[in-house]
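Working notes, structure below.
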Amino acid sequence: MAESAECPAFQLGRPRYDQGSFLGRLRHFVEIIDPRTLFVSETRLKECIKLLDDYKHGTLPPGVSDLQLWEAQKVKQAIIHPDTGEKIFMPFRMSGYVPFGTPIVIGLLLPNQTVVSTIIWQWLNQSHNACVNYANRNATKPTPTSKFLQGYVGAVSSAVSIAVGLNVLIQKANKLSPATRMIIQRFVPFPAVACANICNVGLMRHSELSEGVDVLDNNGNVVGSSKIAARNAITETAFTRVVLPMPIFVLPPIIMSYLERLRFLQSNRRLLLPIHSIVCLVTFGLSLPLAISLFPQMSQVEVSRLEPEIAMATDCKVLTYNKGL
């Protein structure tokens, strides 16, 4: 079938868009996080998997276009974990991150937070993040439930401690005016969430550092397990988790502090929460694909940078591993 710029010839397991460029990764992840895939039926999912299996075994029915194959792969990648082959629970899919995470972001950014409300919203946020990190991890090695629980407790504890500590410091800053204190309090969630996100990724995926992750050759064959690749994967993922909340927790407070001064909203205070919610939803929806597009999901590493035993086991110059999301 003829290849076009918009619809290249289908290749099983390969991304539709060039992963060597940021724009290509952005287009790829916009499809991965498409919330419409949350409504894909079980029948439709099975049809997509069968279509891809038929392609793999050379039994594809006549008339199937490249576009249909790309769509089938999009659906499968959005729902099925690439390592386990199992369905990811809907709220923990990357396509569900914005719809299910926005209410928590709204709660985190509400003004005049008390210590109790700060603890509750940070707990909810890190609980969701922990489950998303675990569900989208590199799963080439099994992770004991005890490791998950240790990581979860550590991530939640760090988030709550940082957020509560910053709030207490601000409340004790007597030299600040009430208006200035309220504006600063609105920015507290960002450093708290950014620091906690690093802890969350590291703790939830700590077993990868000790077990390593599978590295694959050009034919998709496992060459070995690399702790160096695991360290790269976790570092890259943690970096995206710092970049991700930056616009989410910085832009809405700035935008809302401006909008709240408008005469229309001052006389219609009940509209503040709906407008705040829309601002958070739009910011979150734009930030997620930009952040996770910083690195390709299937990352590559030069063999010379890996363990000597892996370098001795292959003639390939570059190996691939699943970074996770």
Side-chain angles (χ1 to χ4, degrees), residues 11-15 19-20 25 28-29 32-33 73 76-89 92-94 97 129-152 154-155 197-244 291-325:
Q11 290 181 286
L12 185 64
R14 297 294 179 89
Q19 297 300 283
R25 293 194 295 272
H28 170 72
F29 284 117
I32 295 295
I33 68 169
Q73 182 162 276
K76 182 180 178 182
Q77 287 180 336
I79 300 174
I80 304 295
H81 193 286
D83 295 332
T84 65
E86 298 176 356
K87 287 176 67 175
I88 300 173
F89 186 45
F92 308 145
R93 298 174 194 167
M94 293 310 293
Y97 200 26
N129 283 347
C131 292
V132 169
N133 288 336
Y134 182 78
N136 295 278
R137 72 197 185 285
N138 180 305
T140 54
K141 296 287 185 297
T143 303
T145 305
S146 59
K147 292 282 187 181
F148 170 81
L149 293 175
Q150 288 172 12
Y152 171 74
N197 282 356
I198 295 174
C199 297
N200 200 319
V201 173
L203 291 167
M204 294 306 300
R205 297 177 57 178
H206 184 263
S207 60
E208 294 176 32
L209 293 174
S210 56
E211 300 289 334
V213 296
D214 287 350
V215 285
L216 316 174
D217 62 18
N218 298 333
N219 298 316
N221 299 316
V222 177
V223 175
S225 292
S226 171
K227 295 179 183 179
I228 295 174
R231 187 178 63 214
N232 292 345
I234 292 173
T235 301
E236 291 174 354
T237 304
F239 183 75
T240 64
R241 292 299 193 274
V242 173
V243 174
L244 174 59
I292 61 178
S293 298
L294 292 173
F295 306 100
Q297 181 174 358
M298 298 305 295
S299 293
Q300 293 186 323
V301 60
E302 294 179 4
V303 175
S304 58
R305 295 175 55 196
L306 298 178
E307 291 85 344
E309 61 270 22
I310 292 178
M312 293 172 61
T314 180
D315 294 327
C316 294
K317 299 295 183 184
V318 176
L319 297 178
T320 304
Y321 61 92
N322 176 18
K323 173 184 70 67
L325 288 174

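The figures here come from the full heavy-atom set of this structure, side chains too, leaving out hydrogens, waters and symmetry mates.
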Could you list the donor-acceptor pairs under 3.5 angstrom formed by side chains in residues 311-320, with sequence neighbours left out?
unit_1: Thr314; atom_1: OG1; unit_2: Cys316; atom_2: N; d: 3.0

[X] side chain to [Y] backbone, donor-acceptor under 3.5 Å:
| X | Y | result |
| --- | --- | --- |
| Arg241 | Ile198 | no |
| Arg231 | Leu209 | no |
| Gln73 | Arg14 | yes |

Shortest non-hydrogen separation from [X] to [Y] and the atoms involved:
| X | Y | result |
| --- | --- | --- |
| Ser226 | Ala229 | OG-N, 3.0 Å |
| Asn136 | Phe92 | ND2-O, 2.9 Å |
| Glu307 | Ile228 | OE2-N, 3.2 Å |
| Ala291 | Thr240 | O-CG2, 3.4 Å |
| Phe29 | Phe295 | CE1-O, 3.8 Å |
| Leu294 | Arg25 | O-NH2, 3.2 Å |

Would you compute the distance between atom [atom1] of [X] and atom [atom2] of [Y] and round it to the nearest 0.5 angstrom?
| X | Y | atom1 | atom2 | result |
| --- | --- | --- | --- | --- |
| Glu211 | Lys227 | CD | NZ | 8.0 Å |
| Asn232 | Gln300 | CG | CD | 13.0 Å |
| Gln297 | Gln77 | CD | CD | 7.5 Å |
| Asp214 | Ile310 | CG | CD1 | 9.0 Å |
| Ile32 | Ser293 | CD1 | OG | 10.5 Å |
| Asn322 | Glu208 | CG | CD | 8.5 Å |

Original post:
Is there a donor in the side chain of Asn129 and an acceptor in the side chain of Tyr97, or the other way round, less than 3.5 Å apart?
Top reply: yes

**OP:** Not counting sequence neighbours, which residues clear side chain to side chain donor-acceptor pair (under 3.5 Å) with Ser299? List them please.
**Re:** Glu236

**OP:** Starting from the C-alpha separation in whole Å, work towards a yes-or-no answer on side chain to side chain contact (heavy atoms under 4.5 Å, CB included) for Leu306 and Val223.
**Re:** CA-CA 11 Å; Leu306 298 178; Val223 175; over 6 Å; no

